[in-house]
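A quick write-up on the structure given underneath.
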Amino acid sequence: MPASSRCKPRLGRFVGLATAAAAAALSVSSVAGAAAPPPVAIYGALPATELLTLSPSGKLLALFVNKGAQHLVVVRRLDGDKKIVSTLQVNDRVGEARWADDDHLFIYSHRTENTGTAYVYETGFLFMLNVKTGATKQVAPVAEEASDGRGPDRDFNNIGLPERVLHENGRTYGFFQGGRFLYRVDLDSFQIITVARSGEGQGDFILSPDAKIVARMEFKDHGRKWAILKGTDDPKVLASGQGDIGGGQVVGLGRTPDHVLMIDYENGSTGAVREIGLNDGVIGESLVNGPVDVSPLFDPVSRLLMGFYLDGYVEDVKFLDDAVQARWDAVRAAFPNKRVRFESTSQDKTRWIVEVEGAHDSGHYYLIDLANHQAIIMGARYPDIADDQVGEFSWFDYTTGDGLKEKALLTLPPGYTRATAKNLPAVVLPHGGPQGRDAFGFDWWAQALASRGYAVIQPEFRGSGGFGIAYARLGWGQWGKLMQTDVSDAFKAVAGAGIVDAGRTCIVGWSYGGYATLAGVTVQTGLYRCAAAGAPVSDLNSSLVWNRDRAGALSGTVRYWKTSMGLKGENDPAGDAVSPAKLASRVTVPLMLIHGRQDTTVPLEQSQEMVDAMRRAGKPVEFVILENETHHIESASTRTKMLEAMTGFLARNNPAN
């Protein structure tokens, strides 16, 4: 593949002219607060366009369109008449899509199932769209479709997107995993057969280019012991280890078909990334180093390793092929001072889909056509949010009380800059996880709050994800302790810089951020003017009991939460000492709780415990329940309801004016 150095300046000029013209046409007033804020519903709306992906040839584009409660999958041509060739309505929450080839598109969706009891659970569905015929069918084998004679002994509930697609004798086959089974699906006739089954505790197959199993995972002792084994039933161990949390995991092929890729994982955070030779068993040196989480990128057709997404403050893609990297550099250079996120590329790497955000830009998707030196807007994420309604966002450096150098994402009300922001009312918005993190870019929640006149402070605290395993471990046992003071240290630093008024600052958050919100007015006191906690853990010990009942006392889930929370068991006094529900009498400021009734991550009972504790202590509290909503506030209606409740609460208790 030739290097793209000759394309880079021409593409740069083309896009530079286009974006410069747009910037000139969309000048932003420097006068803050001149206009009434837009309705919060435009921030609560789901992205109008998202999840764009190119077909292997680059001639077709699949995209997801959200119109209120309606979710559509749209396939359109990028050449010729550029018409829409297929439209599919999806009734569930769309998770991902993958092209098998230019004729077949797979769509994964999921929903929360209500059993009619207090127990709810998540389930997923896989559909295939035949682009030629427009027909859609769910991919799911049933007993009479199976040809292996093994009856109902199968697990297809966890089916994912196809691992491999083969073209043989005029037929197209997709290969899918479901638990211990590997299935082959004829993508036209939909005949489904089981082609392999692994042993107990095994799965996560890695397939060769011709769809043969070259490696698999094995877990024993409730996940404490792990091993990467060769082939389908070969006992040869390629790598192994043990530990209470995480371990090595085989995730795909390496740079060549005779290598597989192993990554050290701990609840999403990563360590070493190494290749293992299938022929000699040699484990290589880590391909990525430094305090950053990585996600591998695989070629959409060959499924060979082609690069990595680097998380943390890097937030960029690194391709292993120098020519491909040069093309990516050309794409990024076309959008100076913007955050450019890789979405998809054609097999020949001449067409790219990127998502671009920046100052006064809530996000647009572009088709970059390197061969024709074109950059074409394919859709806007939030078309109803005008450019002058997007608040400026930037990283703010701060130092924790014990000397750690950290950052907080600072979003200002529209019209303000760092130079003009003085003594603004503020909201501290800690992220969830705690191994989550805040990405640099347009954040619908932060922007909604900023549109109301608040500066929004989103601290990255020790234990956050994105920065590698070692950094994530700094948060172990620090609930209500150093993780909590990191959040308040960020707030104090921004206030100390004169940007916000410390006396007009509230704290709000979701999930772990909801816990940090409650802890900010119980474990800590005297810092914030009000607090609004969404889907919070309020009692560490009872949360551990709930996870035990769902996952099992010996499960990796329970081991993780014990370690993260720093608890020895389910009745540990150390948990009570940092549980807001046990400290409700300390609350001296207005408090609101918000929770989705169908939350399968943090149960509604955690908010109810806090509400009950507040009432027993004679303290006022507001409680908003989001009906038909999960932990992830995934519908426009409940996002909007949450924002309306929260901004109304803030206006009553910390008015921006």
task: Locate the shortest heavy-atom distance separating Gly312 from Phe467; write the atom from each residue and the value.
output: CA-CE2, 3.4 Å

message: Check Arg473 with Glu266, please: is the shortest side-chain N to carboxylate O separation under 4.0 Å?
response: yes

field: Any donor-acceptor pair under 3.5 Å from Thr517 side chain to Gly513 backbone
entry: yes

message: Main chain of Gly466, side chain of Arg437: is a donor-acceptor contact present, judged purely on distance under 3.5 Å?
response: no

message: Keeping Thr420 on the side-chain end and Tyr416 on the backbone end, is there a donor-acceptor pair under 3.5 Å?
response: no

query: Would Arg341 and Asp316 pass as an ion pair if we require N to O under 4.0 Å?
result: no

- request: For this output row, return yes or no: ring centroids of Phe461 and His431 closer than 6.0 angstrom.
  value: yes

field: Atom CG of Asn337: over 12 foreign heavy atoms under 6.0 Å
entry: no

task: Would you please say whether a donor-acceptor pair under 3.5 Å links the side chains of Ser637 and Thr640?
output: no

query: To the nearest 0.5 Å, how far apart are CD1 in Ile42 and OH in Tyr382?
result: 11.0 Å

statement: Value for CD (Gln606) from CG (Leu518), rounded to nearest 0.5 Å, stands at 10.0 Å

Side-chain donor/acceptor of Gln89 to backbone N/O of His71, under 3.5 Å: no

- prompt: Should Ser488 and Tyr528 be marked as a side-chain contact (heavy atoms from CB on, under 4.5 Å) after you check the CA-CA gap, both sets of side-chain angles, and the distance that decides it?
  reply: CA-CA 9 Å; Ser488 53; Tyr528 307 108; 3.7 Å; yes

message: Checking the side chain of Glu343 only, and the main-chain atoms of Leu51 only, is there a donor and an acceptor separated by less than 3.5 Å?
response: no

message: Under a 4.0 Å threshold between the charged nitrogen and the carboxylate oxygen, would Asp402 count as salt-bridged to Arg462?
response: yes

field: Donor-acceptor under 3.5 Å (Thr522 side chain, Arg586 main chain)
entry: no

query: Could you go step by step and tell me if Asn66 and Gln70 meet the side-chain hydrogen bond (donor to acceptor under 3.5 Å, both in side chains) rule?
result: CA-CA 6 Å; Asn66 297 303; Gln70 188 179 38; over 6 Å; no

query: Which word best sums up how the rings of Tyr313 and Trp395 line up, parallel for under 30°, tilted for 30 to 60°, or perpendicular for over 60°?
result: perpendicular

- prompt: If you take all heavy atoms of Gly514 and Ala533, which pair is closest and at what distance?
  reply: O-CB, 3.5 Å

query: What's the shortest heavy-atom distance between Pro590 and Asn653, and which atoms?
result: CG-OD1, 3.2 Å

query: Looking only at atom types and distance, does a side-chain atom of Gln435 sit under 3.5 Å from a main-chain N or O of Ser464, one as donor and one as acceptor?
result: no

Residue pair Ser511, His631: steps toward the side-chain hydrogen bond (donor to acceptor under 3.5 Å, both in side chains) verdict: CA-CA 8 Å; Ser511 193; His631 190 70; 2.8 Å; yes

Separation between OG1 of Thr400 and CD of Glu406, rounded to the nearest 0.5 Å: 6.0 Å

message: Could you go through Tyr398 and Asp486, starting from their C-alpha distance and side-chain angles, then the distance that decides it, and tell me whether this counts as side-chain contact (heavy atoms from CB on, under 4.5 Å)?
response: CA-CA 9 Å; Tyr398 75 98; Asp486 286 356; 4.1 Å; yes

field: Flag for Ser607-His595: side-chain donor and acceptor within less than 3.5 Å
entry: yes

message: In the structure I gave you, are the side-chain heavy atoms of Thr647 and Leu449 within less than 4.5 Å of one another anywhere?
response: yes

- request: Evaluate side-chain hydrogen bond (donor to acceptor under 3.5 Å, both in side chains) for Ser451 paired with Gln389, printing each intermediate quantity in order.
  value: CA-CA 7 Å; Ser451 75; Gln389 294 168 346; over 6 Å; no

field: Interatomic distance, Trp444 atom CH2 to Leu46 atom CG [nearest 0.5 angstrom]
entry: 9.0 Å

query: Between Tyr560 and Pro434, what is the shortest heavy-atom contact and its length?
result: OH-CD, 4.2 Å

task: For residues Gly379 and Thr49, report the shortest heavy-atom separation together with the two atoms involved.
output: CA-OG1, 4.2 Å

- prompt: Step by step, would you call Met610 with Leu591 a side-chain contact (heavy atoms from CB on, under 4.5 Å)?
  reply: CA-CA 10 Å; Met610 188 67 194; Leu591 176 65; 4.2 Å; yes

- prompt: Looking only at atom types and distance, does a side-chain atom of Asp572 sit under 3.5 Å from a main-chain N or O of Leu567, one as donor and one as acceptor?
  reply: no

query: Rounded to the nearest 0.5 Å, how far does CG of Leu404 lie from CD of Glu460?
result: 13.5 Å

- prompt: So, Gln447 side chain and Gly391 main chain: donor-acceptor pair closer than 3.5 Å or not?
  reply: yes

message: Would you say that Phe442 contacts Asp361 through its side chain, given a criterion of any heavy-atom pair below 4.5 Å between the two side chains?
response: no

query: Below 4.5 Å, heavy atoms only, C-beta onward: do Cys530 and Leu650 meet side chain to side chain?
result: yes

task: Please check if the distance between the ring centroids of Trp445 and Tyr43 is under 6.0 Å.
output: no

- prompt: Is a donor on one side and an acceptor on the other found under 3.5 Å between the side chain of His360 and the backbone of Ala386?
  reply: no

message: Side chains of Pro430 and Ile507, heavy atoms from C-beta outward: is any pair under 4.5 Å?
response: yes

- prompt: Are the charged groups of Arg339 and Glu355 less than 4.0 angstrom apart, N to O?
  reply: yes

- prompt: Step by step, would you call Arg418 with Ser394 a side-chain hydrogen bond (donor to acceptor under 3.5 Å, both in side chains)?
  reply: CA-CA 9 Å; Arg418 281 279 193 100; Ser394 61; 3.2 Å; yes

- request: Output yes when Arg652 and Glu622 qualify as a salt bridge under the 4.0 Å nitrogen-oxygen rule, no when they do not.
  value: yes

- prompt: So, do Phe342 and Tyr309 sit near enough that their side-chain heavy atoms are less than 4.5 Å apart?
  reply: no

- request: Taking all non-hydrogen atoms of both residues into account, name the closest pair between Arg381 and Ser362 and its distance.
  value: CB-O, 4.1 Å

- prompt: Is Asp397 salt-bridged to Lys405, going by a charged N under 4.0 Å from an acidic O?
  reply: no

Asp576 versus Asn541, side-chain donor and acceptor atoms under 3.5 Å: yes

- request: Among Leu409, Ile457, Val494, find the one that has a side-chain contact (heavy atoms from CB on, under 4.5 Å) with Phe396.
  value: Val494

statement: So CD1 of Ile499 and CG of Asn423: to nearest 0.5 Å the spacing works out to 10.0 Å

message: Please verify the inter-ring angle class for Tyr515 with Trp479; under 30° counts as parallel, over 60° as perpendicular, anything in between as tilted.
response: tilted

- prompt: When you check the side-chain N and O atoms of Gln484 and Gln524, is any donor under 3.5 Å from an acceptor?
  reply: yes

